[in-house]
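All figures in this text were calculated on a predicted structure; none of them were measured in a lab.
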Amino acid sequence: MAASNYMNLKTRIQKQQKKKIRKIKFYHSFLTIVLLLCVCQISYSALLNLAKCVVYQSKIIKAQELQEQAQKRNQFLKSEIQNFSTMHKVESIARNNLKMAAKDEVLIIINQPTIETPQPKKVSENKFTKFLETFSSKFNKDMEPEKISD
């Protein structure tokens, strides 16, 4: 009886150890899966951040180019303002472009006639449609069934 109790005790201890080992394996498997999910999430976030960095860098470059263009345009406009700020320049623009005259002057504008180039005449649509109608009517005559007299 002592031997059978010893065997029962031994098998019970082995079963308990196997149960503990299964629990530990399950726990380790669960932690491994959680760890893999965390690694996947971290790598996905890193890729998204990298993509955002690239997009924002390209936007920064475009904004800098636009800023340089705006600064060049501002410099050009400032030079234009300086060029046209003198009375002599304003007066020449008024005389030449706006056809204005000073108080005691008379402005004479001579218009030169423009030479008109003759345009080739096009066949009117009416003539073309009449041609099509007459052409189709000839075919219709040939296609009409002959009248049978009673």
Side-chain angles (χ1 to χ4, degrees), residues 1-102 107 109 111-146:
M1 207 166 187
S4 69
N5 283 338
Y6 175 73
M7 292 297 275
N8 287 337
L9 183 60
K10 188 177 178 182
T11 56
R12 253 191 278 150
I13 291 174
Q14 286 176 350
K15 284 182 184 179
Q16 287 176 356
Q17 285 178 349
K18 285 182 182 180
K19 223 182 220 186
K20 285 182 183 179
I21 290 172
R22 279 190 216 136
K23 283 183 181 179
I24 291 173
K25 284 183 179 180
F26 177 76
Y27 182 69
H28 287 169
S29 300
F30 178 73
L31 287 180
T32 304
I33 291 171
V34 169
L35 181 63
L36 287 174
L37 289 174
C38 289
V39 168
C40 290
Q41 181 66 33
I42 290 170
S43 60
Y44 179 72
S45 298
L47 286 174
L48 283 180
N49 287 337
L50 184 64
K52 285 181 183 178
C53 287
V54 170
V55 169
Y56 289 143
Q57 191 66 28
S58 66
K59 285 183 179 181
I60 288 171
I61 291 170
K62 286 180 184 177
Q64 287 174 345
E65 289 173 356
L66 286 174
Q67 182 183 14
E68 288 175 8
Q69 289 175 355
Q71 287 175 348
K72 287 178 183 177
R73 180 154 169 80
N74 282 344
Q75 290 295 344
F76 174 74
L77 292 175
K78 284 179 183 178
S79 66
E80 289 288 318
I81 289 172
Q82 288 175 353
N83 287 341
F84 295 118
S85 63
T86 63
M87 267 319 247
H88 178 67
K89 292 287 184 178
V90 173
E91 186 177 338
S92 68
I93 291 171
R95 286 178 188 272
N96 297 331
N97 296 347
L98 302 176
K99 308 295 186 222
M100 298 176 84
L107 183 65
I109 300 173
N111 290 330
Q112 295 183 358
T114 57
I115 300 172
E116 294 183 22
T117 57
Q119 296 179 349
K121 294 182 180 179
K122 295 181 180 178
V123 177
S124 66
E125 291 181 24
N126 293 334
K127 290 181 181 178
F128 185 68
T129 53
K130 286 181 183 178
F131 169 75
L132 287 177
E133 287 174 358
T134 55
F135 187 72
S136 64
S137 67
K138 289 182 181 179
F139 276 106
N140 287 338
K141 285 181 183 176
D142 295 340
M143 301 289 275
E144 286 180 8
E146 293 180 14

Practice prompt. Go through the structure and list residues passing side-chain contact (heavy atoms from CB on, under 4.5 Å) with Ile13, not counting sequence neighbours.
Written response: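 Listed in chain order: Leu9, Gln17.
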Item to complete: For Phe76, check side-chain contact (heavy atoms from CB on, under 4.5 Å) against everything at least two apart and list the hits.
Response: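 side-chain contact (heavy atoms from CB on, under 4.5 Å) list for Phe76, sorted by chain: Ser79, Glu80.
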Could you grab the distance from atom [atom1] of [X] to atom [atom2] of [Y], nearest 0.5 Å is fine?
X: Leu48; Y: Cys53; atom1: CG; atom2: SG; value: 11.0 Å
X: Leu77; Y: Arg73; atom1: CG; atom2: CZ; value: 4.5 Å
X: Asn74; Y: Gln69; atom1: CG; atom2: CD; value: 12.0 Å
X: Gln75; Y: Gln71; atom1: CD; atom2: CD; value: 8.0 Å
X: Tyr56; Y: Ile61; atom1: OH; atom2: CD1; value: 15.0 Å
X: Tyr27; Y: Thr32; atom1: OH; atom2: OG1; value: 10.5 Å

Worksheet item: Would you call Leu37 and Gln41 a side-chain contact if the rule is heavy atoms closer than 4.5 Å?
Response: no
Worksheet item: Would you say Ile81 and Lys78 make side-chain contact, with heavy atoms under 4.5 Å?
Response: no
